[in-house]
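Down below is the structure, laid out as structure tokens.
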Amino acid sequence: MWNSLASRLWRAAYLRAVSSAFATVPLYRETWALHGRTDPVLVPDRTGSNGGALAADTVQRRLVDTAPLAGGSTEPDPARGLAGLLTHATQRRSHRLVVVVDAAVTRPPTGLPSGSRGCVLHPDAATPLDDGPVLREIVDTLRRGERVLAVGEDKNLDALSAALRSAEPPTELPPPDRVPHHRIDSLTGGPFGLLHDPLLGYLGVLRDCGRWHVDCRHVYVRETTGGLAFTVLDRTSPRLVDVLVGGGVPGEVQACPRHGSPVIET
């Protein structure tokens, strides 16, 4: 089971993020001071709603207020967290090129293994008629016999595969490895998959046990009356604390009986 020490450390990291957000970030200072919290209680005698969690669209509208008072970025990174989850998301240890096919992602993923490069392909460019630089790089990488990993929604990965089959000049290219990512309200059974949110980034991964594991080194999740609320622990700005992703999806946080780390059930 998720041992008590690891669980306490995970919880302590979350409480530090909450306290810091309440002390220094305008959005949380205002919201929690007005409505209070239930867990942990920061404003005595006030219960608030959904345990103080905020809807993702509310946070999105007020990104300017998610930077600490001392200053910082208010631009979210939808590719955040991808690199650290890839070891469990695919059977291969590394790929020469990691391509994120998603309209919300504008910056390549960082922190990839040495020898790997990240890039972003807009879904509209993953068509047989497009001859953009990213698509050409994918083709050239495959033609050299090097591995490519494509990450994105299934429909976008299908479009990329179709575009590569139509590459000019015609060549029998090996298909890229693919790992679909899913929103929390559309999780599937695999065999591979990543939990993604366009505001918070990559939050978890489907492991070989068939359960959706939280990226507990960088993300905290808790149950609220409004659904599962996620906190990005290692992002100082914008601060994303207790966000109800997917409009608020009911679920439970459990311990994986095989790996002993936190998983979500929706």
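Computation of the quantities below employed the complete heavy-atom set of this structure, encompassing side-chain atoms and omitting hydrogens, waters and symmetry-equivalent molecules.
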Q: Give a yes or no on whether a salt bridge exists between R147 and D177, defined as a side-chain N under 4.0 angstrom from a carboxylate O.
A: yes
Q: Decide whether N50 and T225 meet the rule of one side-chain donor and one side-chain acceptor closer than 3.5 Å.
A: yes
Q: Please report the closest heavy-atom contact between P78 and A104, naming both atoms and the distance.
A: CG-O, 3.2 Å
Q: Could you tell me whether a side-chain N or O of E223 sits under 3.5 Å from a main-chain N or O of V253, the two making a donor and an acceptor?
A: yes
(Q) Apply side chain to side chain contact (heavy atoms under 4.5 Å, CB included) to residues R207 and V205 and explain how you reach the verdict. (A) CA-CA 6 Å; R207 296 189 60 175; V205 60; 4.0 Å; yes
Q: Give a yes or no on this: more than 12 heavy atoms of other residues, nucleotides or ligands lie within 6.0 Å of atom CZ of R217.
A: no
Q. Any idea which heavy atoms bring T74 and P76 closest together, and the distance?
A. O-CD, 3.5 Å
Q) Is D158 salt-bridged to R178, going by a charged N under 4.0 Å from an acidic O? A) yes
Q: Supply the atom-to-atom distance R16 CZ to L233 CG, rounded to the nearest 0.5 angstrom.
A: 8.5 Å
Q: Can you measure from OG (S186) to NE2 (H181) and round to the nearest 0.5 angstrom?
A: 9.0 Å
Q: Output the distance between atom CZ (F230) and atom CG (L199), rounded to the nearest 0.5 Å.
A: 12.5 Å
Q. Is D65 salt-bridged to R62, cutoff N-O under 4.0 Å?
A. yes
Q | Polar contact flag, side-chain donor to acceptor under 3.5 angstrom, R239-S20 | A | yes
**Q.** Any donor-acceptor N/O pair, H95 side chain to L97 backbone, under 3.5 Å
**A.** no
Q | Validation row, ring centre H259 to ring centre H213 under 6.0 Å | A | yes
Q) Parallel, tilted or perpendicular: which fits the ring planes of H182 and W212, with parallel below 30° and perpendicular above 60°? A) perpendicular
Q) Is there a donor-acceptor contact under 3.5 Å from the side chain of Y28 to the main chain of V241? A) yes
**Q.** Shortest non-hydrogen separation from S116 to S94 and the atoms involved
**A.** OG-CB, 4.0 Å
Q: Hey, could you give me the CG/OG1 distance between L82 and T110, rounded to the nearest 0.5 Å?
A: 9.0 Å
